[in-house]
Amino acid sequence: MTTAPLHAWDLSPKDAIALQKALAGAVVRSDRFGPGGRRAIKQVAGVDVAFADGGRTIRAAVVMLTHPGLDVTDQILIERPTTFPYVPGLLSFREVPALLEALRQLPTMPDLILCDGHGYAHPRRFGLACHLGLWLDVPTIGVAKSRLTGSHDEPGPAKGDIAWLLAGKGVRPGERLGAVLRTRERVKPVYVSAGHRISLKTAVTLTLRCATRYRLPEPTRLADKLSKVHRTGS
DNA sequence: GCGACAG
DNA sequence: ATCTTGTCGC
């Protein structure tokens, strides 16, 4: 096998997996906000994508909000051809390129990004949130709606209740990969895991802080809504 | 070999 | 993810 380019998105599945293994070790899983590593979070962004034309077009959306006020300050929506198929475990190669194009159109880079998908809770510990965060060197959190890997018990029924997502057989079995968090009473929980430059504990705290009255935290919920806005409205 | 499998 | 209508409940 040839050496996988350290910065390319059009890789074969085999090379994409090799790249994930090579970059996983560079992900920082402790709190390092801002240039100095301890700046306050004043801006938080949510990102998500949707597909159109039977999957041939990918639409990336980013919504910027103030923190902790959660007032929307910027909204970006871009479209481009889909270039990578959906392959479990390789989601970042399909969505990150479009997300980067949308994020670079923001007037300023956010202090934190909430992603729709897993971060550390990934077969090779390199989910979409890790990949995007490492690429931009910005703190990121993975907030997924369903499980990709690992096992867990059912969290309590109250808002804020959690259950740990634990690794199955493989390297470090039983390792804590993320948290299954109940963001609203009696609603299906979400899976929270660290992306880049953040600890799991802080990821859970911030996700909960952004989850005001819906199952999904505001940044991600609004980005999801924006990505599905068809051309006609404004 | 047989399932599982983010969006 | 997307394809799809109405409907039950707070």
Side-chain angles (χ1 to χ4, degrees), chain A residues 9 13-14 16-17 19-20 23-24 27 46-63 77-102 113-135 140-152 157 159 165-170 173 177-181 183-196 200 203 207 212-217 219-231:
Chain A
W9 301 102
K14 181 197 294 183
I17 289 175
L19 180 58
Q20 294 182 319
L23 297 178
V27 175
V47 298
D48 189 23
V49 306
F51 294 88
D53 306 316
R56 287 166 310 192
T57 300
I58 181 170
R59 315 175 81 228
V62 51
V63 176
L77 178 62
I78 65 95
E79 274 188 14
R80 52 174 287 166
T82 299
T83 62
F84 201 91
Y86 169 67
V87 180
L90 300 181
L91 185 64
S92 64
F93 293 88
R94 177 175 171 79
E95 306 190 346
V96 171
L99 292 177
L100 290 174
E101 190 175 318
I113 300 175
L114 265 60
C115 312
D116 189 74
H118 293 97
Y120 192 71
H122 176 278
R124 290 168 289 284
R125 311 297 180 260
F126 198 68
L128 183 155
C130 296
H131 204 160
L132 181 65
L134 185 62
W135 186 273
T140 54
I141 295 175
V143 182
K145 298 182 292 299
S146 62
R147 185 190 69 84
L148 170 60
T149 189
S151 61
H152 65 85
K159 176 175 182 176
L165 177 62
L166 306 174
K169 296 303 300 177
L177 305 179
V180 185
L181 173 67
T183 52
R184 282 201 68 186
E185 300 180 357
R186 287 171 296 144
V187 299
K188 188 172 184 289
V190 296
Y191 295 76
V192 179
S193 59
H196 182 52
L200 173 58
T207 297
T212 56
R213 56 183 300 192
Y214 296 94
R215 181 199 178 204
L216 298 179
T220 294
R221 187 182 73 80
L222 295 174
D224 175 82
K225 181 197 294 182
L226 177 60
S227 74
K228 294 179 173 57
V229 172
H230 295 197
R231 65 166 190 179

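Proteins get letters first, then strands, A, B, ... in listed order; numbering begins at 1 in each. Predicted model, so just to flag it, every value in this text is computed and none were measured.
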Inset, instruction - State, to 0.1 Å, how close A102(A) and I78(A) come at their nearest heavy-atom pair, and which atoms those are. - result: CB-CG1, 3.9 Å
Inset, instruction - Supply the atom-to-atom distance L226(A) CG to L77(A) CG, rounded to the nearest 0.5 angstrom. - result: 5.0 Å
Legend entry - From OG1 (T207(A)) to CG (L181(A)), nearest 0.5 Å: 6.5 Å
Legend entry - Side chain R94(A), main chain I58(A), donor-acceptor under 3.5 Å: no
Legend entry - Where L90(A) and Q20(A) come nearest, the two heavy atoms and their spacing: CD2-OE1, 3.6 Å
Inset, instruction - Determine the minimum heavy-atom distance between P189(A) and R215(A), stating which atoms define it. - result: O-NH2, 3.0 Å
Legend entry - Straight-line distance of H196(A) NE2 to L23(A) CG, nearest 0.5 Å: 11.0 Å
Legend entry - Strand DNA chain C as a dot-bracket string - pairs counted if Watson-Crick or G-U with both distances under 3.5 Å, | where the partner lies in another strand: ..........
Legend entry - Side-chain (T140(A)) to main-chain (A129(A)) donor-acceptor, under 3.5 angstrom: yes
Inset, instruction - Assign a letter to each nucleotide of nucleotides 4-10 of chain C from its 5' end: B, base within under 4.0 Å of a protein heavy atom; S, sugar-phosphate only; -, no contact. - result: -------
Inset, instruction - Could you note down all residue pairs passing salt bridge (Lys or Arg N to Asp or Glu O under 4.0 Å) where residues 183-194 of chain A supplies at least one of them, sequence neighbours left out? - result: none
Inset, instruction - For L226(A) and dA1(C), give me the distance from atom CG to atom P, rounded to whole Å. - result: 15 Å
Legend entry - Secondary-structure notation, DNA chain B, from Watson-Crick and G-U pairs under 3.5 angstrom (| other strand): .......
Inset, instruction - Mark up nucleotides 1-7 of chain B, 5' to 3', with B wherever a protein heavy atom is under 4.0 angstrom from a base atom, S wherever such an atom reaches only the sugar-phosphate, and - elsewhere. - result: ---SBBB
Inset, instruction - Please assess W9(A) against T83(A) for the test side-chain contact (heavy atoms from CB on, under 4.5 Å), listing each intermediate value before the final yes or no. - result: CA-CA 9 Å; W9(A) 301 102; T83(A) 62; 5.9 Å; no
Inset, instruction - Would you please name every residue forming a ring-ring contact (aromatic ring centres under 6.0 Å, His included) with F51(A), sequence neighbours left out? - result: none
Legend entry - Short N-O contact, K145(A) and D116(A), less than 4.0 angstrom: yes
